[in-house]
Trainee: 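Quick one: this structure, given as structure tokens, is what I'll be asking you about.
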Amino acid sequence: MLRTRLATAAVALPALWLIIQYLWTPLFNGFIVSVAAVALYEYFTMAFPDDSPMVAVGVGLGLLIAATVLTGQLAWVGGALSVTVIGGLALPLVRHADMRRSVEALGLIVLGVLYVGFFVPHMILLRQEPEGWRWVLFTVYTAMGSDSGGYFAGRYFGRRKLAPAISPSKTVEGALGAVAGAIVIALFCRAMFFDRMALGPTIGFALGIGLLAQFGDLCESALKRAFGAKDSGWIIPGHGGILDRLDSLLFPFVFAYYYAAVVARG
């Protein structure tokens, strides 16, 4: 497992740098939207495993939200959210035989649309910021540092369970190691990408990424347990689905976008 992680890192780190910095913007944006489409499909097939029409509706609404987020216009986003809620509220009228389940389905739809359709496009928005590719790499590498720090600390020092009902392998020591790993990698990223950033904001950014990466991982684990699913999908052999890979990045990217917007725009 350790050799696999090191080999993956040796290939992934430089590859990510090249893709994020140099990939033609329309291709990068198209790739992220495709990722969002697959992630939406995974979420809604877990939420509605025996209801194909609901899966189609959920994916469609999620992509609508994603498209409006990329316009950068609050009015468009508000309109898309309104369509989602109004359309969802029509469910009890259409499926009145089981109104309680129809209302519960509305909650699952809105959650999926926001969790995937609203959050994923923030990767594109962040790259569009001044020095955006640097912010994207800063976020990805810091989240990876959190993941690696949590892995090693949990493996060698883990004793106390963090959330056994949700993720039995997570430990308190691993969580602390994840935060430490995020801080260490953030300091390296500061030297490479933002050498003028003060030490305090750098550590604050790392803490936000480290904590949100773990929180995102636990949230997705809770969703899978609630839906009775082991993995969100099968598209990545041996690793599950797209959501299983995105869970520790979604919240950090949202945080990083608004953090970068404040820093870049003063």
Side-chain angles (χ1 to χ4, degrees), residues 1-6 8-9 12 35-36 38-49 58 104 107-108 110-120 122-123 139-186 205-256:
M1 179 66 74
L2 179 57
R3 289 181 180 179
T4 301
R5 280 178 170 263
L6 293 175
T8 300
V35 167
V38 175
L40 283 164
Y41 178 78
E42 290 179 350
Y43 170 87
F44 284 109
T45 52
M46 288 192 298
F48 304 105
E104 291 172 350
L108 292 175
V110 174
L111 173 61
V113 163
L114 293 176
Y115 178 52
V116 182
F118 181 71
F119 283 174
V120 171
H122 281 74
M123 300 180 188
T139 304
V140 171
Y141 287 168
T142 302
M144 292 175 70
S146 172
D147 179 64
S148 297
Y151 170 78
F152 286 112
R155 179 178 180 180
Y156 294 107
F157 307 108
R159 296 292 183 273
R160 291 169 290 182
K161 297 296 183 181
L162 179 65
I166 298 173
S167 184
S169 62
K170 294 287 191 299
T171 63
V172 173
E173 294 80 5
L176 295 174
V179 172
I183 292 174
V184 170
I185 298 302
F205 182 80
L207 286 172
I209 297 297
L211 292 173
L212 286 171
Q214 296 182 76
F215 183 56
D217 189 9
L218 286 172
C219 286
E220 204 246 349
S221 295
L223 285 175
K224 288 190 294 186
R225 284 192 173 273
F227 296 144
K230 181 179 182 296
D231 295 312
S232 66
W234 47 265
I235 196 168
I236 306 175
H239 293 277
I242 291 292
L243 270 181
D244 294 319
R245 300 300 94 200
L246 284 179
D247 56 7
S248 61
L249 288 173
L250 286 179
F251 297 170
F253 265 113
V254 175
F255 168 73

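Side-chain atoms are counted along with the backbone in the values below, which use heavy atoms only and exclude waters and symmetry mates. The structure displayed is predicted, hence computed values, not measured ones.
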Trainee: Run the numbers on Thr171 and Leu162 for side-chain contact (heavy atoms from CB on, under 4.5 Å), then give the verdict.
Mentor: CA-CA 4 Å; Thr171 63; Leu162 179 65; 5.5 Å; no

Trainee: Say you draw a straight line from CG of Asp217 to CG of Asp244; how long is it, rounded to the nearest 0.5 Å?
Mentor: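 Taking CG in Asp217 and CG in Asp244, the distance rounds to 9.0 Å.
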
Trainee: Parallel, tilted or perpendicular: which fits the ring planes of His122 and Phe118, with parallel below 30° and perpendicular above 60°?
Mentor: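 His122 vs Phe118 ring planes: perpendicular.
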
Trainee: By the definition side-chain contact (heavy atoms from CB on, under 4.5 Å), identify the one residue from Asp247, Asp147, Val179 that meets it with Gln214.
Mentor: Val179

Trainee: To the nearest 0.5 angstrom, please state how far the CG atom of Leu207 sits from the CG atom of Leu212.
Mentor: 10.5 Å

Trainee: Between Phe119 and Phe253, does the ring centre distance come in under 6.0 Å?
Mentor: no

Trainee: I need the single residue from Val35, Leu246, Val140, Thr139 that forms a side-chain contact (heavy atoms from CB on, under 4.5 Å) with Met123. Which is it?
Mentor: Leu246

Trainee: Measure the spacing between CG of Leu108 and OH of Tyr115 and express it to the nearest 0.5 Å.
Mentor: 13.5 Å

Trainee: Glu42 side chain to Leu243 main-chain N or O, any donor-acceptor pair under 3.5 Å?
Mentor: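 Yes, Glu42 side chain to Leu243 backbone: donor-acceptor pair under 3.5 Å.
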
Trainee: Please report the interatomic distance CG(Leu250) to SG(Cys219), rounded to the nearest 0.5 Å.
Mentor: 10.5 Å

Trainee: If you count heavy atoms of other groups shown closer than 6.0 angstrom to CZ of Phe227, is the number above 12?
Mentor: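 Enclosed.
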
Trainee: Donor-acceptor pair, Tyr43 side chain versus Val113 backbone, under 3.5 Å?
Mentor: no

Trainee: Has Tyr141 got more than 12 heavy atoms of other residues, nucleotides or ligands less than 6.0 Å from its OH?
Mentor: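 Counting neighbours around OH of Tyr141, more than 12 heavy atoms of other residues, nucleotides or ligands fall under 6.0 Å, so yes.
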
Trainee: Test your reading of the model: is there a side-chain donor-acceptor pair from Lys170 to the backbone of Ala175, 3.5 Å cut-off?
Mentor: no

